[in-house]
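Positions are given from 1, in the same order as the sequence printed here.
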Amino acid sequence: MPKIVFLPHPEMCPEGKVVEAKSGVSVIDAALANDIEIEHACEKACACTTCHVIVREGFYSLEEPDELEEDLLDKAWGLEPESRLSCQAIVEDEDLVVEIPKYTINQVSEKH
């Protein structure tokens, strides 16, 4: 079973976390199932950028983003070449290393 290494994030997982994920599961679903509360203002419908992550390792094992995801990513804070929306990044057979950006463009968070 592939593993996802979530790098330390000051609020969501201060010490980082390694989780197992079944192939076919989205990165955000794997995170949420393991108490890593990545924001998802659009309820994982690929309609915002609050679940933006940077895939530091294993990026090329993911299917390429579609045009809608690419258009949304253009609006994400801290965009990098390995950026993905975690609701659209589906785990395949390779391990991933994922960084959750410090900020989102979300004006209001229900957690704060």
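The distance from atom SG of Cys48 to atom NZ of Lys75, rounded to the nearest 0.5 Å, is 10.5 Å. Going from atom OG of Ser86 over to atom CG of Leu32 covers 7.5 Å, rounded to the nearest 0.5 Å. With rounding to the nearest 0.5 Å, the separation of CG in Asp71 from SG in Cys46 is 9.5 Å. Taking CD of Glu70 as the start and CG of Leu68 as the end, the distance is 10.0 Å to the nearest 0.5 Å. Distance check, rounded to the nearest 0.5 Å: CD1 of Ile100 to CD1 of Ile36 gives 6.0 Å. Note: Leu73 CG to Ser83 OG = 6.0 Å, rounded to the nearest 0.5 Å.
Checked against side chain to side chain contact (heavy atoms under 4.5 Å, CB included), Pro101 has the following partners two or more places apart in sequence or in another chain: His52, Ile54, Trp77. With sequence neighbours excluded, the residues satisfying side chain to side chain donor-acceptor pair (under 3.5 Å) with Asp93 are Ser23.
Of all heavy-atom pairs spanning Ala47 and Cys42, the tightest one is N-SG, 3.3 Å. Nearest approach of Ala30 to Ile4, heavy atoms of both residues: CB-CD1, 3.7 Å. When all heavy atoms of Pro14 and Pro8 are compared, the closest pair comes out as O-CB, 3.4 Å. For Cys51 against Ile28, the heavy-atom pair with the smallest separation is CB-CD1, 3.7 Å. In plain terms, the two heavy atoms of Ala41 and Thr50 that are nearest each other are N-OG1, 2.9 Å.
Under the 4.5 Å side-chain heavy-atom criterion for ILVMFWY residues, a single connected hydrophobic cluster contains both Val91 and Phe59. Hydrophobic cluster membership is shared by Phe6 and Met12, with clusters built from Ile, Leu, Val, Met, Phe, Trp and Tyr side chains linked at under 4.5 angstrom.
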Distance-only donor-acceptor hits, side chain of residues 15-22, under 3.5 Å, sequence neighbours excluded:
| from | atom 1 | to | atom 2 | distance (Å) |
| --- | --- | --- | --- | --- |
| Lys17 | NZ | Asn34 | O | 2.6 |

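Residue pairs satisfying the salt bridge (charged side-chain N to carboxylate O under 4.0 Å, His left out) criterion with at least one member in residues 26-35, sequence neighbours excluded, are listed as follows: Asp29-Lys44. Counting only residues at least two apart or on different chains, the salt bridge (charged side-chain N to carboxylate O under 4.0 Å, His left out) pairs with a member in residues 45-69 are Arg56-Glu80, Arg56-Glu99, Glu69-Arg84.
With Leu96 as the partner, the side chain to side chain contact (heavy atoms under 4.5 Å, CB included) test is satisfied by one option alone out of Val53, Val27, Val5: Val27.
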